[in-house]
Asks: 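Below you will find the structure I want to go over with you.
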Amino acid sequence: MKKLSFPTVKLGNFICEVKEKVKNPGISQDNFTVYGVTNTDGITVTNNKASDDLGNYTVLRENQFAYNPYRVNVGSIGLSLPGTFGAVSPAYVVFETNGQISNEFLLYYLKSSLGINLIKWYGDRGGVRSALRFSDLKKIDFPDITLEQQNKLLLKIKKLDELLCELYKNLSDDNIEILRQSILQQAVEGKLCEQDPNDEPASVLLEKIKAEKVRLIAEKKIKKQKPLPPISEEEKPFILPKGWEWCRLGELANIATGSTPAKNKVEYYMHGTIPWITSSETGQEYVSSARYYVTDLAVKECNLTINQPHTLVMAMYGQGKTRGQITELAIPATTNQACATISCYMSSLNPYLKIYCKKIYQEIRELASGGAQPNLNLNKIKEYVVPCPPLLEQHRISDKVKIFMQLCDQLEEELINANLHSSQLMEAVLQEAFSIQKVDKSAQVIGFHPDRMTPKTELLAAARGKIREDTWEHLCKRALEIAGEES
């Protein structure tokens, strides 16, 4: 059992079991309401009867507790509302308090992580399935505080619980991911940073990339590739800012794939020192180590390329749910055929291109052929249309996206903290109450301050900078939507 950090008394001092049966004289079974208990809704009407004869069912009246001895360890306990009159299955335990403790405080206590821990401890009989009988319930340790103190703590718990629940709801994983995608969308449409007319236009950058590609072919570092088709107007999803250009992904980077050396050739793998990356590793932000290694002989005989750090790697097979399925090599490495490698002709393009690939990954997947696990085609990747900003603006976009994503990470951290604080709320409030009794001053409850600047405000304030006004308004609206407020 978890060691308690406050004085306690046994719950049995304040509760008594209710054994009133429906078959008792003076009770009619006609139109009798049958109740059940869930861990989310407490006592609810079910009218599910194990038998047409309700005689052995236990009568449930207002302000009484009911629980299933086999499911109370997951929080399936409830308190009946005023005016309740019905019955529960004879398998349930029904009890009431003697008025010396708060019913509502007791309910919060038994459903808290602290209460669940005690329920499991006293209900464990060492078998496959534990059950908390009423005799076990009476042994549970209850805070040794007055009814007045319970009511005061109940108000505090309700307030903090409400705030934590609201934070948890607003900071759901789905909403944070929506915010991430919104930021990436603004970035690739040229709406995240102000344009600088003094920047060298993207048309000049593309000419430099062509010259670099010619040089690499001449030096036989890459193979000459088939010309990519011209971009039609229908392929352009939005109007570009001045100085930007549309191009195809294959114009900016060499796109290739790897292979899998024959598994039956030990010499390809034994004592290998060259990292060999598979699609299962593309869910990471960076790849700095490998699960598998191959030998120099495998590289030579199996058409493998040692890709340099900063090469982007895209998963080509499977429906993985990890964010983006785009990673970046932090080490020289080869890949298998389930990965597409994207090596920028100019390394300075890499940060922006990584942002763009993360943005359009799901769109690219929709181009894939196949059934449950569609496979990408290298040609489709090469032909994907890219909005290319001037190089200096690419750097500004990359810096701004980095700030936003770090703040989104902070939102996710807040979500984790909200869950942690919620589970520890009862114990933290009780610890504070006894601390007040000892030192006669307020103690810190938990590391959650409802009145502090919320993460959404930090996100907006920190990212404001020189962001374009229309983008600022868009992100304000998005953040407010996520926070469940009026825009």
Side-chain angles (χ1 to χ4, degrees), residues 179-215 228 230-231 233 235-254 285 310-312 324 326 328 342-361 363 384-410 456-479:
L179 180 57
R180 288 185 188 275
Q181 290 302 315
S182 178
I183 292 166
L184 294 176
Q185 183 67 42
Q186 298 292 306
V188 303
E189 289 185 10
K191 297 177 180 179
L192 200 58
C193 301
E194 291 181 340
Q195 278 74 51
D196 187 341
N198 297 318
D199 287 347
E200 184 179 78
S203 57
V204 176
L205 173 63
L206 291 175
E207 290 300 321
K208 292 180 179 179
I209 293 171
K210 286 181 182 178
E212 177 64 12
K213 185 176 179 181
V214 170
R215 184 186 70 81
L228 295 168
I231 299 172
E233 290 300 317
E235 292 180 276
K236 302 174 182 178
F238 50 84
I239 298 175
L240 291 177
K242 187 176 181 180
W244 289 44
E245 295 288 338
W246 287 108
C247 63
R248 295 194 185 276
L249 192 54
E251 296 177 58
L252 304 178
N254 183 52
E285 188 69 22
H310 304 302
T311 298
L312 303 179
I326 304 289
E328 180 179 351
I342 303 172
S343 304
C344 296
Y345 294 124
M346 294 176 61
S347 60
S348 53
L349 300 173
N350 196 74
Y352 173 76
L353 209 55
K354 185 176 182 180
I355 290 170
Y356 188 69
C357 286
K358 282 181 174 290
K359 168 64 185 69
I360 52 90
Y361 180 73
E363 298 172 22
Y384 208 83
V385 175
V386 179
C388 183
L391 186 58
L392 289 178
E393 187 170 352
Q394 289 186 31
H395 295 163
R396 294 196 297 273
I397 290 171
S398 176
D399 290 343
K400 189 66 70 175
V401 168
K402 184 177 180 180
I403 292 172
F404 271 108
M405 293 306 171
Q406 287 174 344
L407 291 164
C408 286
D409 291 341
Q410 291 178 20
K456 69 175 187 304
T457 308
E458 292 172 0
L459 172 65
L460 299 179
R464 182 65 175 91
K466 288 187 177 181
I467 192 171
R468 282 175 42 150
E469 194 61 36
D470 57 344
T471 303
W472 172 247
E473 293 174 358
H474 175 86
L475 291 174
C476 279
K477 181 179 179 181
R478 171 60 69 191

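This is a predicted model, so every value here is computed, not measured. Just so you know, residue 1 is the first one in the sequence shown, and it goes up from there.
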Asks: What residues, two or more places apart in sequence or in another chain, satisfy ring-ring contact (aromatic ring centres under 6.0 Å, His included) together with Trp246?
Replies: Phe238
Asks: Quick one: pull up SG in Cys247 and CG in Leu228 and give me the separation to the nearest 0.5 Å.
Replies: 10.0 Å
Asks: Considering only heavy atoms from C-beta outward, does the side chain of Arg248 approach that of Val386 to under 4.5 Å?
Replies: no
Asks: Charged N to carboxylate O under 4.0 angstrom, Glu285 versus Lys354?
Replies: yes
Asks: Is any side-chain heavy atom of Glu251 closer than 4.5 Å to one of Ile209?
Replies: no
Asks: Atom OG of Ser398 and atom CG of Leu349: how far apart are they, to the nearest 0.5 Å?
Replies: 11.5 Å
Asks: Between Asp199 and Lys242, does at least one N-O distance fall below 4.0 Å, as a salt bridge requires?
Replies: no
Asks: Determine, step by step, whether Ile355 and Lys359 satisfy the side chain to side chain contact (heavy atoms under 4.5 Å, CB included) criterion, reporting the C-alpha distance in whole Å, the side-chain angles of both residues, the deciding distance to 0.1 Å, and the verdict.
Replies: CA-CA 6 Å; Ile355 290 170; Lys359 168 64 185 69; 5.6 Å; no
Asks: Name the one of Asn254, Leu252, Val214 that satisfies side-chain contact (heavy atoms from CB on, under 4.5 Å) with Tyr345?
Replies: Asn254
Asks: How long is the gap from CD1 on Ile397 to CG on Leu184, to the nearest 0.5 Å?
Replies: 11.0 Å
Asks: Can you tell if the side chain of Lys400 reaches within under 4.5 Å of the side chain of Gln186, non-hydrogen atoms only?
Replies: no
Asks: Find out whether Ile326 and Ile342 are in side-chain contact, i.e. whether some heavy atom of one side chain is under 4.5 Å from a heavy atom of the other.
Replies: no
Asks: Pro351 and Ser347: which non-hydrogen atoms are nearest, and at how many Å?
Replies: CD-O, 4.1 Å
Asks: Going through the checks in order, is the side chain to side chain contact (heavy atoms under 4.5 Å, CB included) test met by Asp409 and Arg180?
Replies: CA-CA 10 Å; Asp409 291 341; Arg180 288 185 188 275; 2.6 Å; yes
Asks: Heavy atoms only: give me the nearest Gly250-Lys213 pair and the separation to one decimal.
Replies: O-NZ, 4.0 Å
Asks: Please report the interatomic distance CD(Glu393) to CG(Leu205), rounded to the nearest 0.5 Å.
Replies: 12.0 Å
Asks: As an exercise, state the distance from CG of Asn350 to CD of Gln394, rounded to the nearest 0.5 Å.
Replies: 10.5 Å
Asks: Any Lys/Arg nitrogen of Glu328 or Lys358 sitting under 4.0 Å from an Asp/Glu carboxylate oxygen of the other?
Replies: no
Asks: When the ring planes of Tyr356 and Tyr384 are compared, do they come out parallel, tilted or perpendicular, using 30° and 60° as the limits?
Replies: tilted
Asks: May I ask you to check whether over 12 heavy atoms, not counting those of Lys236, lie within 6.0 Å of atom NZ?
Replies: yes
Asks: Hey, does Glu200 have a side-chain heavy atom less than 4.5 Å from the side chain of Leu391?
Replies: no
Asks: How about Pro390 and Trp244: do any of their side-chain heavy atoms sit closer than 4.5 Å?
Replies: yes
Asks: To the nearest 0.5 Å, tell me how far Leu206 CG sits from Cys388 SG.
Replies: 4.5 Å
Asks: Apply side-chain hydrogen bond (donor to acceptor under 3.5 Å, both in side chains) to Glu207 and list each qualifying residue two or more places apart in sequence or on a separate chain.
Replies: none
Asks: Using a 6.0 Å cut-off, check whether atom NE2 of His310 has over 12 heavy atoms from anything other than its own residue.
Replies: no
Asks: Identify the two heavy atoms, one from Gln195 and one from Gly190, that lie closest to each other, and give their separation to 0.1 Å.
Replies: NE2-O, 3.0 Å
